A.B. asks: 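This is the structure, below, for whatever I ask next.
Just the heavy atoms: all of them, side chains too, but no hydrogens, waters or symmetry mates, feed the values below. None of the values given here were measured: they were computed from a predicted structure. Here, residue 1 is the first one in the sequence, and each next residue gets the next number.
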Amino acid sequence: MEKRELRKAVLILSTLALTIVACVSQPTKSEAPTVVAPKRAASNLPAVPEALMQAELRALDGGMIRLADYAGKVIVLDLWATWCPPCRYEIPHLVALGNEYRAQGVEVIGLTVDERDTEQKLRAFASQFGINYKIGWADADFAYSLMGDYSSIPQTFIITRDGRLLKKFVGFDPQRGPQKLRDAIEQALREG
């Protein structure tokens with residue numbers, strides 16, 4: 001088995017296993033999403049690897065999504081799947097945040113990590129949830145590189161205008177999550 005196929009198989013199996021444990025029940029008030037602070041060298045934020053910035057990912061609209069195409073904008077990148085309850089809870093908040101901050105140069109992008117989320121399924125899902133931001137598919141290498149040791153979803157990344165990782169949120173808490181996302185977006189906008 002090639003290294004890429006092995007990574008893909010590990011990602012799929014890990015995601016399924018963690019989903020069964022983590023995504024089956026609704027979050028309670030006491031659950032909080034894990035906020036993973038990126039490692040900082042001196043006071044600098046780590047750059048998103050160039051390979052990830054340049055990766056061409058299939059978009060639902062038939063085009064391609066490349067993070068590098070959003071240089072100069074704050075990116076809210078969400079890795080999710082249609083079958084994941086916490087992902088479903090987060091989406092209306094992402095729609096609202098996108099609407100609120102779009103004029104200030106914020107782009108929300110949603111990438112499903114499940115290859116079984118077909119074009120037809122994604123279109124119906126986007127319509128049902130009123131998704132008005134760019135959505136598509138994260139290939140296994142892209143998702144694995146971003147998710148690292150945390151393979152549960154949703155995972156939401158706040159990327160600064162100059163392509164640096166400001167925050168990574170693992171999971172979603174409907175009580176505190178929206179404000180934490182808003183605070184991270186505000187910080188990214190302040191930091192230029």
A.B. asks: NZ/Lys168 to CE/Met147 distance, rounded to the nearest 0.5 angstrom?
C.D. replies: 7.5 Å

A.B. asks: After noting the C-alpha distance and the side-chain angles of Arg161 and Glu191, does the key distance pass the salt bridge (Lys or Arg N to Asp or Glu O under 4.0 Å) rule?
C.D. replies: CA-CA 9 Å; Arg161 291 180 171 140; Glu191 292 185 9; over 6 Å; no

A.B. asks: Spell out, as yes or no, whether a donor-acceptor pair under 3.5 Å connects the side chain of Asp117 to the backbone of Ala81.
C.D. replies: no

A.B. asks: Is Arg102 paired with Glu107 through a side-chain N to carboxylate O contact shorter than 4.0 Å?
C.D. replies: no

A.B. asks: If I compare all heavy atoms of Pro178 with all of Asp173, which pair ends up nearest, and what's the gap?
C.D. replies: CD-O, 3.6 Å

A.B. asks: May I ask you to decide if Gln104's main-chain N or O and Lys73's side chain share a donor-acceptor pair within less than 3.5 Å?
C.D. replies: no

A.B. asks: With the side chain counted from C-beta on, respond yes when Lys180 and Phe169 share a heavy-atom pair under 4.5 Å apart, and no when they do not.
C.D. replies: yes

A.B. asks: Can you find a pair of side-chain heavy atoms, one from Leu97 and one from Val106, that are under 4.5 Å apart?
C.D. replies: no

A.B. asks: Between atom CG of Leu146 and atom CG of Leu165, what is the distance when rounded to the nearest 0.5 Å?
C.D. replies: 8.0 Å

A.B. asks: Does the side chain of Leu79 come within less than 4.5 Å of Pro154's, by heavy atoms?
C.D. replies: no

A.B. asks: How long is the straight-line distance from OH of Tyr133 back to CG of Leu77, given to the nearest 0.5 Å?
C.D. replies: 10.5 Å

A.B. asks: Using the rule given for side chain to side chain donor-acceptor pair (under 3.5 Å), can you reason through Trp83 versus Asp114, listing the C-alpha separation, both sets of side-chain angles and the distance that settles it, and then say yes or no?
C.D. replies: CA-CA 9 Å; Trp83 46 261; Asp114 190 345; 2.4 Å; yes

A.B. asks: Is there side-chain contact between Phe142 and Val113, with at least one heavy-atom pair below 4.5 Å?
C.D. replies: no

A.B. asks: Between Arg164 and Leu45, is there a donor-acceptor pair closer than 3.5 Å when you use the side chain of the first and the backbone of the second?
C.D. replies: yes

A.B. asks: Between Ile153 and Cys84, what is the shortest heavy-atom contact and its length?
C.D. replies: O-SG, 3.6 Å

A.B. asks: Assess the side chains of Asp183 and Gln187: does a donor N or O sit below 3.5 Å from an acceptor N or O?
C.D. replies: no

A.B. asks: Is there a salt bridge (Lys or Arg N to Asp or Glu O under 4.0 Å) between Glu119 and Arg123 once you walk through the steps?
C.D. replies: CA-CA 6 Å; Glu119 185 174 326; Arg123 283 192 193 289; 3.1 Å; yes

A.B. asks: Got Ile75 and Phe157 here, is their nearest side-chain heavy-atom distance under 4.5 Å?
C.D. replies: no

A.B. asks: Atom CG in Leu52, atom CD1 in Ile159: separation rounded to 0.5 Å?
C.D. replies: 8.5 Å

A.B. asks: So do Glu100 and Arg182 actually touch side chain to side chain, heavy atoms under 4.5 Å?
C.D. replies: yes

A.B. asks: Working note: Leu57 + Met64, criterion side chain to side chain contact (heavy atoms under 4.5 Å, CB included); need CA distance, chi angles, decisive distance, verdict.
C.D. replies: CA-CA 5 Å; Leu57 306 167; Met64 299 302 279; 5.7 Å; no

A.B. asks: Check side chain to side chain donor-acceptor pair (under 3.5 Å) between Glu50 and all other residues, then give those that pass, not counting sequence neighbours.
C.D. replies: Gln54

A.B. asks: Under 4.5 Å between any side-chain heavy atoms of Arg88 and Phe129, yes or no?
C.D. replies: yes

A.B. asks: Do side-chain atoms of Arg66 reach the backbone of Met53 as a donor and acceptor pair under 3.5 angstrom?
C.D. replies: no

A.B. asks: Any pair with a residue in residues 61-82 that passes ring-ring contact (aromatic ring centres under 6.0 Å, His included), sequence neighbours left out, goes on the list, sorted by first then second residue, please.
C.D. replies: Trp80-Phe125

A.B. asks: Can you sort out the partners of Thr156 under side chain to side chain donor-acceptor pair (under 3.5 Å), two or more places apart, ordered by chain and number?
C.D. replies: Asp78, Glu90

A.B. asks: Would you say the side chain of Ile109 lies within less than 4.5 Å of the side chain of Ile65, judging by non-hydrogen atoms?
C.D. replies: yes

A.B. asks: Hey, what do you get for CD1 (Ile185) to CD1 (Ile158), rounding to the nearest 0.5 Å?
C.D. replies: 5.0 Å

A.B. asks: Could you walk me through whether Tyr101 and Val76 satisfy the side chain to side chain contact (heavy atoms under 4.5 Å, CB included) test, starting with their C-alpha distance in whole Å, then the side-chain angles of each, then the deciding distance to 0.1 Å, before giving a yes or no?
C.D. replies: CA-CA 11 Å; Tyr101 289 101; Val76 178; over 6 Å; no

A.B. asks: Give, for atom CG of Asp139 and atom OH of Tyr144, the distance between the pair rounded to the nearest 0.5 Å.
C.D. replies: 14.0 Å

